[in-house]
Amino acid sequence: MAKRTVLILTGEPSGDVVGGKLARALRELDATCRIVAVGGPKLREAGAEIVCDIAALGAMGFVAILRQIPRLSALERELETRFERDRPDVVVPIDYPGFNLRIARRARAHGIPVVYYVGPQVWAWGAKRIPRIAASVDHMLVVFPFEQDLYASVGLRTTFVGHPLLDDLETAPPREVLRARLGLADDVPLLGLLAGSRIQEVRRILPVMAKAAARIAARVPGLRVVASAASSVPAEEYAGIAREVGGAIEFLPGPAAPIITASDALLVTSGTATLESGLLGTPLAVLYRTSPVEYRIGRTLVKIPRISLANIVAGEDVAPEFLQGDADPERIADWATHVLTDPGEARRIRGRLGLLREKLGEPGASRRAAELVLAEANRS
């Protein structure tokens with residue numbers, strides 16, 4: 001069988017993580033598979049040839065995205081040339097629909113099959129767009145069970161593969177081990193801060209988290225505060241915010257999962273990390289802040305009452321959402337103090353979060369997705 005080329009398209013760190021897992025699974029199934037990608041460190045570590053690093057693409061909010069248009073247009077032209085001169089056997093967009101759906105349409109115009117992994121969240125911003133999406137995609141791989149019928153309803157071949165986060169839970173070290181690595185005794189309370197992986201998120205949301213943490217520390221004796229430091233955000237950003245806000249915050253580079261597991265409570269920016277936190281069973285509050293104009297635009301587009309993936313998947317409010325003006329340090333501190341000082345409340349929340357795992361299927365999503373991608377490549 002001829003050597004196959006898979007082009008993976010991501011646009012932000014969460015997609016790069018999913019893409020890295022997919023690339024590894026592809027290589028396990030077919031060691032000769034060539035993987036080319038718009039991606040970041042995770043795809044690079046998995047052996048992909050990076051044609052554009054997503055560090056240049058990260059944006060949060062409509063205004064920031066508008067500023068990226070010239071760069072995205074240049075990348076679009078580069079990929080068009082690649083379709084003509086170095087034709088992949090299959091294109092795999094991962095989330096990031098604004099850009100990836102345009103590339104999917106161009107790929108199909110060249111007769112290249114498109115397997116979309118982590119489908120656009122049309123249940124949040126408009127199911128009316130599903131027929132247009134279906135016209136650009138050969139096979140949709142979804143990570144939430146309720147998405148399957150949405151896409152299949154217009155005749156799009158759709159497969160629920162499970163959520164790749166479940167694969168990480170299988171190998172996650174236990175809480176005691178992670179707390180020991182941080183030098184924490186069992187009775188030392190730990191507050192984790194997950195401000196996100198984009199500079200705009202960190203600038204807007206970490207100061208709110210830090211101010212809330214200072215209030216919580218004044219009420220909870222012996223509290224330690226640890227923040228996840230994303231590799232995509234320059235270290236000086238974290239240092240500057242820490243100096244400005246004050247308070248004792250330890251910044252830890254690397255994956256957020258150890259902080260999530262070791263913590264007694266979490267403050268998390270809305271995004272995939274809310275689902276990861278919920279699946280790992282740590283009580284969390286969800287924060288989100290953007291400019292007033294961008295927030296108003298977003299609320300007109302989003303069609304669901306909740307924004308946190310943990311709450312959406314659960315179908316109920318398993319985590320409070322502090323959005324825009326409600327993202328007030330005092331209110332957030334009241335919630336966290338209650339969780340950190342009331343063991344009964346913490347147990348109740350952990351029990352409700354335990355229901356999330358039951359809703360997302362079985363581990364092995366990356367391998368199942370890889371099998372379907374290779375099957376499509378072999379048909380091309």
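All values derive from a computational prediction rather than experimental measurement.
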Asker: Under 4.0 Å between a Lys/Arg side-chain N and an Asp/Glu carboxylate O for Glu345 and Arg348?
Answerer: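 Looking at Arg348 together with Glu345, the answer is yes, because their closest N to O distance falls below 4.0 Å.
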Asker: Do the side chain of Arg289 and the main chain of Ala327 share a donor and acceptor less than 3.5 angstrom apart?
Answerer: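 Confirmed, Arg289 side chain pairs with Ala327 backbone.
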Asker: Charged N to carboxylate O under 4.0 angstrom, Lys21 versus Asp167?
Answerer: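 Answer for the salt bridge query: no.
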Asker: Does Leu43 offer a backbone N or O that forms a donor-acceptor pair with the side chain of Asp16 under 3.5 Å?
Answerer: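 Pair found, side chain donor or acceptor close to backbone of Leu43.
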Asker: Under a 4.5 Å side-chain heavy-atom rule over Ile, Leu, Val, Met, Phe, Trp and Tyr, are Tyr117 and Val17 clustered together?
Answerer: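 Tyr117 does not cluster with Val17.
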Asker: With no hydrogens and no angle check, is any side-chain donor or acceptor of Arg108 less than 3.5 Å from a backbone partner on Ala135?
Answerer: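 Yes, the answer is positive, given that a donor and an acceptor are paired below the 3.5 Å cut-off.
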Asker: Do Asn311 side-chain atoms and Ala319 backbone N/O form a donor-acceptor pair below 3.5 Å?
Answerer: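 Answer holds: yes.
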Asker: Using atom types as modelled, flag every donor-acceptor pair under 3.5 Å from a side chain in residues 274-281 to any protein atom, sequence neighbours excluded.
Answerer:
from, atom 1, to, atom 2, distance (Å)
Thr274, OG1, Gly271, O, 2.8
Thr274, OG1, Leu309, N, 3.3
Ser277, OG, Ala273, O, 2.7

Asker: Would you call Lys3 and Asp30 a salt bridge, using N to O less than 4.0 angstrom?
Answerer: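 So Lys3 does not pair with Asp30 through a salt bridge.
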Asker: Among Ser14, Ser197, Pro164, which one satisfies side chain to side chain contact (heavy atoms under 4.5 Å, CB included) with Thr272?
Answerer: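 Running side chain to side chain contact (heavy atoms under 4.5 Å, CB included) over Ser14, Ser197, Pro164 with Thr272 returns exactly one hit, Ser14.
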Asker: Would you give the length of the straight line joining atom CG of Leu184 to atom CG of Leu178, rounded to the nearest 0.5 angstrom?
Answerer: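 Separation between the atoms: 10.5 Å.
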Asker: Is any side-chain heavy atom of Leu206 closer than 4.5 Å to a side-chain heavy atom of Phe251?
Answerer: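 Sidechains of Phe251 and Leu206: in contact.
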Asker: Is there a donor-acceptor pair closer than 3.5 Å between any side-chain N or O of Asn100 and the backbone N or O of Leu9?
Answerer: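 Flag set: sc Asn100 to bb Leu9 pair under 3.5 Å.
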Asker: Can you name the closest pair of heavy atoms from Pro320 and Trp335 and give their distance?
Answerer: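 So the two residues come closest at CG-NE1, 3.5 Å.
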Asker: How long is the straight-line distance from CD of Glu80 back to CD1 of Ile103, given to the nearest 0.5 Å?
Answerer: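 Output value for this atom pair is 8.0 Å.
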Asker: Check whether any side-chain heavy atom of Val286 sits under 4.5 Å from a side-chain heavy atom of Phe322, and report yes or no.
Answerer: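 The answer is no; the side chains never approach within 4.5 Å.
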Asker: For Arg87 and His110, indicate whether the former's side chain and the latter's backbone hold a donor-acceptor pair under 3.5 Å.
Answerer: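 Confirmed, Arg87 side chain pairs with His110 backbone.
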Asker: Indicate yes or no: does Glu28 engage Arg24 in a salt bridge with an N to O separation below 4.0 Å.
Answerer: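 Looking at Arg24 together with Glu28, the answer is no, because their closest N to O distance does not fall below 4.0 Å.
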Asker: Salt-bridge test for Arg198 and Glu201: reply yes if a basic N is under 4.0 Å from a carboxylate O, no otherwise.
Answerer: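 Judged by the 4.0 Å cut-off on N to carboxylate O distance, Arg198 and Glu201 do form a salt bridge.
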Asker: For Val373 and Val6, which heavy atoms make the closest approach, and how far apart are they?
Answerer: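 Heavy atoms of Val373 and Val6 come nearest at CG1-CG1, 4.1 Å.
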Asker: Determine, using the 4.5 Å side-chain heavy-atom cutoff (strictly less than), whether Leu287 and Ile249 are members of one ILVMFWY cluster.
Answerer: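 Leu287 clusters together with Ile249.
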Asker: Hey, is Glu376 close enough to Arg379 for a salt bridge, meaning N to O under 4.0 Å?
Answerer: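 Salt bridge: yes.
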Asker: Rounded to the nearest 0.5 Å, how far does CZ of Arg105 lie from OG of Ser136?
Answerer: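 Going from the OG atom of Ser136 to the CZ atom of Arg105 covers 4.5 Å.
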Asker: For residues Gly119 and Met140, report the shortest heavy-atom separation together with the two atoms involved.
Answerer: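 The answer is CA-SD, 3.5 Å.
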Asker: Donor-acceptor pair, distance only, cut-off 3.5 Å: does the side chain of Glu321 make one with the backbone of Ile307?
Answerer: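 At least one qualifying donor-acceptor pair exists.
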Asker: Give me the atom names and distance for the closest heavy-atom approach of Leu360 to Pro145.
Answerer: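 Taking every non-hydrogen atom into account, CD2-CD, 4.3 Å.
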Asker: A side-chain contact here means heavy atoms from C-beta on lying under 4.5 Å apart; do Pro120 and Ile133 qualify?
Answerer: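 Pro120 reaches Ile133 side chain to side chain.
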Asker: Are Leu7 and Leu79 side-chain neighbours, meaning at least one heavy-atom pair lies under 4.5 Å?
Answerer: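 Yes - at least one pair of side-chain heavy atoms lies under 4.5 Å apart.
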Asker: Between Thr269 and Ala195, is there a donor-acceptor pair closer than 3.5 Å when you use the side chain of the first and the backbone of the second?
Answerer: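 Such a contact is found between Thr269 side chain and Ala195 backbone.
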Asker: For the hydrophobic clusters of this structure (ILVMFWY residues joined by side-chain heavy atoms under 4.5 Å, transitively), does one cluster hold both Ile241 and Leu266?
Answerer: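 Same cluster.
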Asker: Would you check if the distance from the ring center of Tyr116 to the ring center of His139 is below 6.0 Å?
Answerer: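 Aromatic pair excluded; centres sit 6.0 Å or further apart.
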Asker: Just by distance, do the side chain of Arg367 and the backbone of Leu29 share a donor-acceptor pair under 3.5 Å?
Answerer: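 Between the backbone of Leu29 and the side chain of Arg367 there is no qualifying donor-acceptor contact (under 3.5 Å).
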Asker: Tell me, do Val118 and Tyr96 make a side-chain contact under 4.5 Å, heavy atoms counted?
Answerer: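 No, side chains not in contact.
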Asker: Considering non-hydrogen atoms only, spot the tightest contact between Ile259 and Leu194 and give its length.
Answerer: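 Scanning both residues completely, I find the closest heavy atoms to be CG2-CD1, 4.1 Å.
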Asker: Side chain to side chain contact (heavy atoms under 4.5 Å, CB included) for Glu12 and Asp95? Distances and angles first, verdict last.
Answerer: CA-CA 9 Å; Glu12 52 193 353; Asp95 204 3; 4.1 Å; yes
Asker: Does the side chain of Leu374 reach to within under 4.5 Å of the side chain of Leu26, using non-hydrogen atoms?
Answerer: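 Result yes, sub-4.5 Å side-chain heavy-atom pair found.
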Asker: When rounded to the nearest 0.5 angstrom, what is the spacing between NZ in Lys211 and CD1 in Ile216?
Answerer: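 Answer for the NZ-CD1 pair, Lys211 versus Ile216, is 14.0 Å.
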Asker: Can you get from Phe83 to Val51 by hopping between Ile, Leu, Val, Met, Phe, Trp and Tyr side chains that sit under 4.5 Å apart?
Answerer: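 Linked, Phe83 and Val51 end up in one cluster.
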Asker: Would you please test Ile349 and Val318 for side chain to side chain contact (heavy atoms under 4.5 Å, CB included) and show each step?
Answerer: CA-CA 7 Å; Ile349 295 173; Val318 294; over 6 Å; no
Asker: Take Leu372 and Leu141, measure what side chain to side chain contact (heavy atoms under 4.5 Å, CB included) needs, and give me the verdict at the end.
Answerer: CA-CA 9 Å; Leu372 294 167; Leu141 310 184; 3.6 Å; yes
Asker: Are Leu190 and Val188 connected, step by step, through hydrophobic side chains (Ile, Leu, Val, Met, Phe, Trp, Tyr) whose heavy atoms are closer than 4.5 Å?
Answerer: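 Yes, it is one cluster - the side chains of Leu190 and Val188 are joined through contacts under 4.5 Å.
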Asker: Arg175 pairs by side chain to side chain donor-acceptor pair (under 3.5 Å) with which of Thr282, Thr261, Asp264, Asp186?
Answerer: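 It is Asp264; the other options fail the test.
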Asker: Is the shortest side-chain heavy-atom distance between Leu252 and Leu182 below 4.5 Å?
Answerer: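 Leu252 vs Leu182: side chains touch.
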Asker: How far apart are the C-alpha atoms of Leu191 and Val226, what are their side-chain angles, what is the distance that settles it, and do they pass the side chain to side chain contact (heavy atoms under 4.5 Å, CB included) test?
Answerer: CA-CA 6 Å; Leu191 176 68; Val226 176; over 6 Å; no
Asker: Within a strict 4.5 Å, meaning less than it, do heavy atoms of the Ile35 and Arg27 side chains meet?
Answerer: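 In short, these two side chains touch, coming nearer than 4.5 Å.
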Asker: Does any pair with a residue in residues 219-232 pass side-chain hydrogen bond (donor to acceptor under 3.5 Å, both in side chains), and if so which ones, sequence neighbours excluded?
Answerer: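 Passing the test, one end in residues 219-232: Arg219-Glu330, Arg219-Asp334, Arg224-Glu250.
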Asker: Compare every heavy atom of Pro283 with every heavy atom of Val339, then report the nearest pair and how far apart it is.
Answerer: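 Closest approach of Val339 to Pro283, heavy atoms only: CG1-CB, 3.8 Å.
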Asker: Checking salt bridge (Lys or Arg N to Asp or Glu O under 4.0 Å) for the pair Arg157/Asp138: CA distance, chi angles, key distance, verdict?
Answerer: CA-CA 7 Å; Arg157 188 153 44 104; Asp138 294 281; 5.6 Å; no
Asker: Between Asp89 and Arg34, is there a salt bridge with N-O shorter than 4.0 Å?
Answerer: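 Not counted as a salt bridge, because no side-chain N and carboxylate O are separated by less than 4.0 Å.
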Asker: Does anything in residues 351-365 pair up under salt bridge (Lys or Arg N to Asp or Glu O under 4.0 Å), and if so which pairs, sequence neighbours excluded?
Answerer: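 For residues 351-365: Glu316-Arg352.
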Asker: Donor-acceptor pair, distance only, cut-off 3.5 Å: does the side chain of Ser263 make one with the backbone of Ile260?
Answerer: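 No, because the side chain of Ser263 does not come within donor-acceptor range (under 3.5 Å) of the backbone of Ile260.
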